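First up is the structure itself, then whatever we jot down about it.
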Amino acid sequence: MVFMGDGAFNQGQVAESLNMAALWKLPAIYVVENNKYGMHTDIKTASANWKYYTRGDVIPGIQVAGHDFMEVKAATEFAKKYALAKGPIIMEVETYRYHDH
């Protein structure tokens with residue numbers, strides 16, 4: 001499992017990592033915590049596509065309500081089975097940041 005925030009997902013290294021994971025069919029789960037802000041910048045100002053689970057191109061993605069424990073648990077179990085059988089998957093966990101970093 002690879003964890004990152006929505007701000008980090010806009011970095012070029014992530015695109016490179018997704019490309020290699022897809023090429024090598026790595027059993028990786030990319031978990032993106034989307035709290036709608038990268039540091040102090042609103043997501044719509046920092047990214048042209050803020051549906052992170054769709055940005056994998058050839059890697060499938062799922063979107064999960066981060067405040068629903070049972071949904072996160074079920075999605076994680078699904079992602080694990082998928083990754084072990086077919087390769088990388090992106091799991092965007094939508095949440096909300098109530099306080100500054």
Side-chain angles (χ1 to χ4, degrees):
M1 294 184 87
V2 180
F3 291 89
M4 69 197 84
D6 46 35
F9 204 74
N10 289 319
Q11 300 296 312
Q13 300 91 327
V14 173
E16 294 169 9
S17 172
L18 291 170
N19 181 55
M20 297 310 295
L23 281 172
W24 295 339
K25 302 282 189 247
L26 298 178
I29 303 169
Y30 288 87
V31 181
V32 184
E33 179 189 341
N34 183 357
N35 62 19
K36 313 295 186 209
Y37 288 92
M39 291 303 281
H40 298 290
T41 306
D42 180 83
I43 190 174
K44 294 179 181 177
T45 305
S47 177
N49 178 3
W50 55 86
K51 294 179 181 178
Y52 294 110
Y53 72 101
T54 67
R55 289 174 51 179
D57 190 27
V58 296
I59 297 175
I62 55 177
Q63 190 176 49
V64 184
H67 292 272
D68 184 338
F69 174 79
M70 296 308 289
E71 186 176 335
V72 172
K73 182 178 186 291
T76 302
E77 290 170 353
F78 169 82
K80 178 182 176 183
K81 288 178 187 174
Y82 183 92
L84 290 173
K86 298 182 180 179
I89 186 169
I90 298 169
M91 185 168 83
E92 177 183 356
V93 181
E94 282 200 316
T95 186
Y96 189 79
R97 186 174 78 190
Y98 294 102
H99 303 286
D100 290 343
H101 282 205

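Keep in mind the model is a prediction, meaning the values are calculated, not measured.
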Nearest heavy-atom pair of Met4 and Tyr30: which atoms, and what distance? CE-CD2, 3.7 Å
Cluster link Val2 to Leu18, ILVMFWY, side chain under 4.5 Å: yes
Do Phe78 and Val93 belong to the same hydrophobic cluster, where Ile, Leu, Val, Met, Phe, Trp and Tyr are linked whenever their side-chain heavy atoms lie under 4.5 Å apart, directly or via other members? yes
Test side chain to side chain donor-acceptor pair (under 3.5 Å) applied to Thr76 - qualifying residues, sequence neighbours left out: none
From Gln63 CD over to Ile90 CD1, what is the distance, rounded to the nearest 0.5 angstrom? 12.0 Å
Connected via hydrophobic side-chain network under 4.5 Å: Ile62 and Val72: yes
So, for Glu71 and Ala65, which heavy atoms are closest and what is the spacing to 0.1 Å? OE2-N, 3.1 Å
Strictly distance-based, threshold 3.5 Å: is any side-chain N or O of Asn34 a donor or acceptor partner for the main-chain N or O of Asp6? no
I'd like to check the side chain to side chain contact (heavy atoms under 4.5 Å, CB included) partners of Ala22; sequence neighbours left out, ordered by chain and number. Val58, Ile59
Could you measure the distance from the CD atom of Glu33 to the CD atom of Glu92? Nearest 0.5 Å is fine. 11.0 Å
Side-chain heavy atoms nearer than 4.5 Å, only ILVMFWY residues, links allowed to pass through others: does that put Val32 and Val64 together? no
Contact summary for Ile29 and Ala83, nearest pair of heavy atoms: CG1-CB, 4.0 Å
So which residues get pulled into Met20's cluster when ILVMFWY side chains under 4.5 Å apart are joined, directly or through others? Leu23, Trp24, Leu26
Using modelled atom types and a 3.5 Å cut-off, is there a donor and acceptor pairing between side-chain atoms of Tyr82 and backbone atoms of Pro60? no
Pairing residues for Lys73 by the salt bridge (charged side-chain N to carboxylate O under 4.0 Å, His left out) criterion, not counting sequence neighbours: Glu77
Quick one: list whatever passes ring-ring contact (aromatic ring centres under 6.0 Å, His included) with Phe9, sequence neighbours left out. Tyr52
When Ile, Leu, Val, Met, Phe, Trp and Tyr are grouped by side-chain heavy atoms lying under 4.5 Å apart, directly or through other members, which residues fall in the same group as Phe69? Met70
